[in-house]
Amino acid sequence: AGFRGNAGERGGDREFGERGFGERGDKTAERSQYLADALGISVDELDAAQAAVAEAAIAQAIEDGTITQEQADRMAERAGDSGGRMPMMGGHGRAGFDKGGVDHEALLAAELGISVEDLQAAQEEARQAGIAQAVADGNLTAEEADLMQAGHALREYIDHEAIMEEVLGLTMDELKAAREEGVSIKDLLAEQGLDREAIQEAMQNAHNEAITQAVADGVITQAQADAL
C-alpha cells in the first residue's frame, strides 16, 4: 500500500461500504437520503442543488482550462444516462477542493443558502446515521463501525498536503504552477533528486509518523492504528 493506502483501503474508508448498502445506486440513494434528512430538505431539493453545483464547477473548470469543452460535453452526456446527476470531478480534500481546485463544499453550501460549517455538520450527521443504520441492519459489526470511525478521525487529523509538501520540498501552489507549465511529475522529482520509490517510502514513513502522533494525541487507539 502507498501513502494513503492503509487507512483508506481497509476499515477506515469503507463508509457506506459494500456490505452495508447493496448496489452502487442504492448506496448513492441512501447517502442522499441521510444528507437530505440532516439538512431538513427533500432528496429532490438536494439533488437539484448538487446538479447546479456540478454544472457551476464544470463551467469554472472550463474557464480555468482544467477540462475542455469536449470533456464537459461527455460529462453532461453521462449525466443524462444517470438521470441528470452531473459527475463531481476528482476527490475532495480537507478543505473541500477537488483535483481541479473547485471548492464543491462552498458551492453546495451557497446553493443551499447555508454556511460551509452547517453543511459539514450535516454531512457528519448523515455519516453517523448511515453507520448506525448499517450496524442496526447487521451489515456492520460494532467493532467494524468503531474501526470505520477511527479511520475517518485519522483522515481528518492527518494533513496529507502538508506531508506531501514536506517530502517534495514544494508547496501545492508550486506543484500546480509546474503542471500548468507542462512540467511532468517525473521532471519535478528529478529536480529534487528523488524518484518514485524514494517518494513512496518517504511519504509512507511520514504517514506512519503521523499515525503514531495521532495515537499519542488520543485521536485513535494503538489497537485501531494497528488495524488500520
Side-chain angles (χ1 to χ4, degrees), residues 4 7-8 11-17 20-21 24-64 66-67 72 75-76 78-79 82-136 140 145-146 148-162 164 172-173 176 214 219-220:
R4 297 185 67 175
D13 215 22
R14 280 179 43 209
E15 295 171 25
F16 314 140
F21 295 82
R24 182 178 297 274
D26 295 335
K27 290 187 285 183
T28 300
E30 292 203 22
R31 289 193 194 100
S32 294
Q33 186 65 66
Y34 290 130
L35 182 55
D37 290 345
L39 290 166
I41 62 176
S42 69
V43 172
D44 286 344
E45 290 172 319
L46 176 60
D47 285 346
Q50 290 175 326
V53 165
E55 289 177 2
I58 288 173
Q60 184 63 53
I62 293 172
E63 183 178 339
D64 293 343
T66 305
I67 63 173
M75 289 180 182
R78 289 199 299 271
S82 60
R85 185 181 295 275
M86 294 289 284
M88 291 300 209
M89 298 170 295
H92 294 268
R94 298 182 68 200
F97 288 90
D98 74 358
K99 294 176 182 177
V102 178
D103 189 340
H104 286 287
E105 276 191 349
L107 290 175
L108 181 56
E111 184 68 26
L112 293 170
I114 62 177
S115 68
V116 172
E117 290 76 17
D118 286 343
L119 174 59
Q120 290 172 339
Q123 289 170 332
E124 176 62 16
E125 181 180 333
R127 190 182 70 84
Q128 296 288 351
I131 292 173
Q133 189 61 55
V135 173
L140 281 178
D146 287 344
M148 189 179 293
Q149 299 281 32
H152 179 78
L154 186 62
R155 289 194 308 279
E156 291 294 304
Y157 175 84
I158 295 178
D159 189 339
H160 297 285
E161 286 191 355
M164 184 174 290
M172 291 296 106
D173 287 342
K176 181 179 179 182
V219 176
I220 60 175

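- How far CD of Q120 is from CD1 of I114: 10.0 Å, rounded to the nearest 0.5 Å.
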Pair up each side-chain donor or acceptor in residues 35-42 with any protein partner under 3.5 Å, not counting sequence neighbours, and list the distances.
unit_1	atom_1	unit_2	atom_2	d
D37	OD1	Q33	NE2	2.9
S42	OG	E45	N	3.0
S42	OG	E45	OE1	3.3

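- Pairing each heavy atom of Y34 with each of A129, the nearest pair is CD2-CB, 3.9 Å.
- Judged by distance alone, the side chains of Q149 and Q128 do bring a donor and an acceptor atom under 3.5 Å apart.
- Residue I158 forms a side chain to side chain contact (heavy atoms under 4.5 Å, CB included) with just one option from E156, H160, E161, and that option is H160.
- The shortest non-hydrogen separation linking A106 to V116 is CA-CG2, 3.8 Å.
- Put simply, CG on D146 and CG on L140 are 10.5 Å apart, with the number rounded to the nearest 0.5 Å.
- You'll find the side chain of Q123 reaches within 4.5 Å of the side chain of L119, heavy atoms only.
- Nearest heavy-atom pair across A72 and I67 is CB-CD1, 4.1 Å.
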